[in-house]
Amino acid sequence: MNEDTLTIGVLLFEGAEELDVAGPWEVLGFWAAHIASSPVRVLTLGPRAGVVRCAKGLGLVADHDLTTAPPLDLLVHPGGDGTRSLVKEELHLAWLRELRRQGTVLASVCTGSLVLAAAGLLADRPATTHRNHLDKLAKIDSSVDLRAGNGTSTPATSSPPPAYRPGSTWRCISSAVSAGPRSAS
């Protein structure tokens, strides 16, 4: 693969909210195909390659499992009912911490932020989640600078970077299901 290619992974897992996956995928895919000035690859990854069942039963195909995925520049972590178990899965949390250590930019949609918080990746940073789960985010990590979700995206640093930089520590958290496509744009 070309070293100049920006690689974006959209995570699939059992119980992921369909719109949290499809919204960012649509926006990022359109950007990659029609707007980006350099090559962009958008792919899906999951606990295993192949069909992964989402929250309402839609089956989506993971291009790669977590161990065979190419290095990622950006990971989009959706929310959904499946996050309830992911916040307790140490292997998943360790994988996220390793991505962060490698310099992957992490973004979450809706309750995906609960998983990033459980991995310790939102400590002392502004973050949000779906309004019905703000209390859970605060319980997972009381150091998170909680921002009530208003359907917008919250950079998890004081200001977003002017452009993507490899090794960036910037994270983007969106609050609700329809905010996912906006955070990707």
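For clarity, every value in this text was computed on a predicted model and none was experimentally measured. All values below come from the heavy atoms of this structure, side chains included, with hydrogens, waters and symmetry mates left out.
Rounded to the nearest 0.5 angstrom, Leu86 CG and Leu93 CG are separated by 8.0 Å. For the atom pair Leu12 CG and Asp65 CG, the distance stands at 12.0 Å (nearest 0.5 Å). One finds the CG atom of Leu114 at 5.5 Å from the OG1 atom of Thr83 (value rounded to the nearest 0.5 Å). The line from CG of Leu106 to CG of Leu72 is 9.5 Å long, rounded to the nearest 0.5 Å. Summarising the geometry, atom CZ belonging to Arg101 is positioned 13.0 Å from atom CG belonging to Leu121; distances are rounded to the nearest 0.5 Å. Taking CD1 of Ile8 as the reference point, atom CG of Leu74 lies at 5.0 Å (rounded to 0.5 Å).
Side-chain contact of Ser38 with Asp4: a donor-acceptor pair under 3.5 Å is absent, judged by distance alone.
Between the side chain of Arg53 and the backbone N or O of Lys56 there is no donor-acceptor pair closer than 3.5 Å.
Here Arg97 pairs with Glu90 under the salt bridge (charged side-chain N to carboxylate O under 4.0 Å, His left out) rule; sequence neighbours left out. With sequence neighbours left out, the side-chain contact (heavy atoms from CB on, under 4.5 Å) criterion links Ile35 to Phe30, Trp31. Residues that satisfy the side-chain contact (heavy atoms from CB on, under 4.5 Å) test with Asn132, not counting sequence neighbours, are His130. Glu89 pairs by the salt bridge (charged side-chain N to carboxylate O under 4.0 Å, His left out) definition with nothing, not counting sequence neighbours.
Looking at every heavy atom in both residues, Gly79 comes nearest to Asp20 through N-OD2, 2.9 Å. Here the closest non-hydrogen pair linking Ile140 and Val87 is CD1-CG1, 4.4 Å. Residue Ala16 comes nearest to Val21 through the heavy atom pair CB-CG2, 4.1 Å, listed as atom of the first residue, atom of the second, then distance. Of all the heavy atoms in Ala55 and Glu18, the pair that sits closest is N-OE2, 3.5 Å. For the residue pair Ser113 and Leu137, the shortest heavy atom distance occurs at O-CD1, 3.9 Å.
Heavy-atom contacts from other residues, nucleotides or ligands closer than 6.0 Å to CD of Glu14 number more than 12.
Sequence neighbours left out, the pairs with a member in residues 40-88 that pass ring-ring contact (aromatic ring centres under 6.0 Å, His included) are Phe13-His77, His77-His92. For residues 77-87, the pairs satisfying salt bridge (charged side-chain N to carboxylate O under 4.0 Å, His left out) are Asp81-Arg84, with sequence neighbours left out.
Put simply, the side chain of Pro70 reaches to within 4.5 Å of the side chain of Leu43, judged on heavy atoms. Within the 4.5 Å cutoff, the side chain of Val105 has no heavy atoms near those of the Asp73 side chain.
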